[in-house]
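Report on the structure given below.
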Amino acid sequence: MKDKMFAMLIHLCNHMWPDYNSTSWEGVSQEEKDENYNSLKIDWSLFGEYIDYIKGAGVNTLLIDIGDAIKYERHPDLNIRDGLSKDECKKLLDYIRSKGITPLPKLNYSGGHDAWLKHYSNMIGTPEYYKVCADCIDEVCQVFGSPEYFHLGLDEEAYNNQQRMGVATMRKADIFWRDAYKLFDRCAHNNARPWVWSDDYWLRPKEFLKYMPKEVLQSNWFYHTAFEKDENGRYKQIGLQAYIDLDRAGYDQVPTASTWANEYSIDVTMRLCKEELSPNLFKGFMSAPWNYITKDGFNLMMHEAVMFKRAMQKYFPEQVGDDNE
Amino acid sequence: MNKIYAYTIQLGNNMWYDKEEIPPQNPKYIYSRIPYRSKFNKDIKTFRLLVDHAKNEGFNTIIIHMGEGYEYKSHPEIAPPGAWTESELKTELAHIRKLGMEPVPMLNFSAAHDMWLGKYERMVGTDTYKKVCLDLIDEVCKLFDSPKYFHIGMDEENYESQTYLDFATVRNRIVMKRDIADFFEVIRKNGVTPWMFFDFYKVSKDDFLEVVGTDVLLSDMTIRYSDSKKTAPVEYVELIEKGYKVVPMITHHFWLGIKDQIMPFLKQKIDKNGVAGIINFPMLFCEDDYKYKLMYEATDTMNIVKANKEYFG
């Protein structure tokens with residue numbers, strides 16, 4: 001992929017977050033809970049309209065958070081009733097490619113977002129855990145036809161992100177990096193460049209700069225608009241300063257914004273990218289709606305896409321289609 | 001009294017900020033920046049779309065947040081070129097009524113949210129300011145054919161809410177009380193019931209109770225309904241006890257998760273007999289670019305109402 005990546009993140013299911021024993025489910029019937037864990041969060045009748053719009057908005061990459069939305073052959077114990085067969089998934093990817101958009105895979109291996117791994121999510125550190133991680137990467141790479149990048153998640157592995165979960169799992173720094181290297185190696189084994197969220201930098205910046213390989217593509221994220229600097233010219237919010245620090249440290253980045261918190265995040269983050277990041281390290285931009293292509297979520301998905309398009313027209317007009325398309 | 005299910009649509013844009021560029025940045029106000037717009041984008045198509053969508057979702061009231069978006073005959077200097085004309089707005093008012101909904105005007109006279117007044121926002125406390133405000137209220141009451149309610153805003157008139165503005169303007173309790181009384185007088189003369197945000201109650205309870213009768217509908221610019229965040233408007237309870245009717249507000253502008261907090265808060269704290277309805281306040285421009293979020297706000301708000309029929313009756 002020689003040109004910059006302009007990516008939209010979508011999810012096919014919501015099985016990364018509340019685990020089965022989460023207090024989030026209190027008051028929800030067993031039937032409703034079972035139905036949630038067996039179904040996908042996507043309305044295929046809306047999918048085509050959505051893809052057509054984001055293409056016109058300048059999106060050339062669709063990052064698909066898979067979770068348990070496909071049926072794994074080596075680990076059927078992960079599979080859900082409505083999961084896509086590999087053939088169905090390949091057809092979906094071909095459709096996306098036919099629209100001029102490159103689909104890329106994401107499996108989130110953060111201890112805070114791996115509910116999709118079911119019982120394995122509570123087995124971090126065991127041989128069984130590492131095997132299932134590697135197998136899933138292999139199988140997804142096969143379905144995606146050797147993708148150029150593979151997003152591994154690895155965000156928000158902190159207690160405050162897991163207080164509702166049945167079991168909270170936070171790796172200490174040395175264990176985290178050991179496991180991260182296993183995942184990076186598995187991506188390399190499949191000729192895919194690893195890609196991660198960068199928020200571990202906020203917690204442990206020294207270790208991050210010491211251990212994070214430059215080969216790993218970084219997606220730092222900051223969804224607010226408080227671009228305030230201190231007397232030393234550093235952004236006061238570490239989530240924001242991380243863009244600059246990672247750039248100066250030589251990391252390739254695909255910064256990520258979202259309308260999740262406010263309308264202007266995409267605009268102001270894109271502006272920061274153009275004005276403050278090294279052009280050779282600024283590999284692209286990603287928008288993360290944190291919603292679903294469903295009847296309920298469609299308006300927010302489209303809202304994010306519209307805000308993305310408006311920002312693209314401002315900062316990368318050459319990438320964007322005509323409004324009348 | 002039937003419950004009010006009110007959806008707010010903006011005609012004007014300039015109620016929140018006085019600069020076009022979203023500024024750097026007091027983190028305290030990161031969410032509230034809605035930039036000033038010197039150019040006006042009238043979008044009647046989106047207005048109609050939102051009205052129809054609101055009807056389909058079950059709203060019975062459309063609050064039209066006028067701002068600078070209308071060519072006031074009494075003060076044409078307020079509206080920018082391209083603002084809504086009388087005939088355009090009357091057509092849409094007729095459409096709203098035809099759908100069985102009640103159109104309600106809103107002019108926000110809080111000094112924190114009155115950039116739409118143009119030069120007059122810098123004249124708060126003067127006779128000129130008062131004349132302009134009263135002229136506008138009178139004109140809009142007649143434009144709406146004496147609507148059931150008239151919302152005067154009046155939220156966040158404090159220093160904290162204005163530190164990001166070029167000028168901060170805060171009336172003391174005496175001037176505030178006097179202005180509110182004058183606004184109400186004109187509204188009532190037109191046979192209309194006032195509606196306002198009750199922020200002034202938090203400033204001076206006695207003054208508020210003196211000037212605001214129990215016929216006035218009350219809302220609050222609540223962002224979160226979580227007690228733990230200390231942002232839940234506990235004053236709702238006191239005001240209901242004193243005989244007022246309240247219309248709690250929902251906005252997703254700051255935070256989508258409000259839907260998870262409002263009902264537990266209302267059910268635990270607020271006597272449902274004191275709740276006159278609910279108001280959705282998206283705080284987004286009425287333009288094609290924002291239609292999806294605006295529709296989402298409407299859908300999500302009425303989903304909350306529909307899921308809590310036993311509370312709303």
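Side chains included, hydrogens not; waters and symmetry mates left out as well; all remaining heavy atoms used. As the structure is a prediction and not an experimental result, all values here were calculated from the model.
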_Test item: Met307(A) and Tyr290(B) side chains (from C-beta on) under 4.5 Å apart, heavy atoms_ = yes
Listed by number, the residues in residues 295-303 of chain A that come under 4.5 Å of chain B (heavy atom to heavy atom) are Asp296(A), Asn299(A), Leu300(A), Met302(A), His303(A)
Notebook entry, point to check: With a cut-off of 6.0 Å (strictly less than), are more than 12 heavy atoms of other residues, nucleotides or ligands near NZ of Lys45(B)?
Noted result: no
Applying a strict 4.5 Å limit to non-hydrogen atoms, the region of Leu294(B) in contact with chain A is neither
Heavy-atom nearest pair, Asp289(B) first then Val306(A), reads O-CG1, 3.1 Å
Under 4.5 Å to a heavy atom of chain B? For Glu263(A) that would be side chain
Sorted by chain and residue number, the side-chain hydrogen bond (donor to acceptor under 3.5 Å, both in side chains) partners of Asn161(A) (sequence neighbours excluded) come out as none
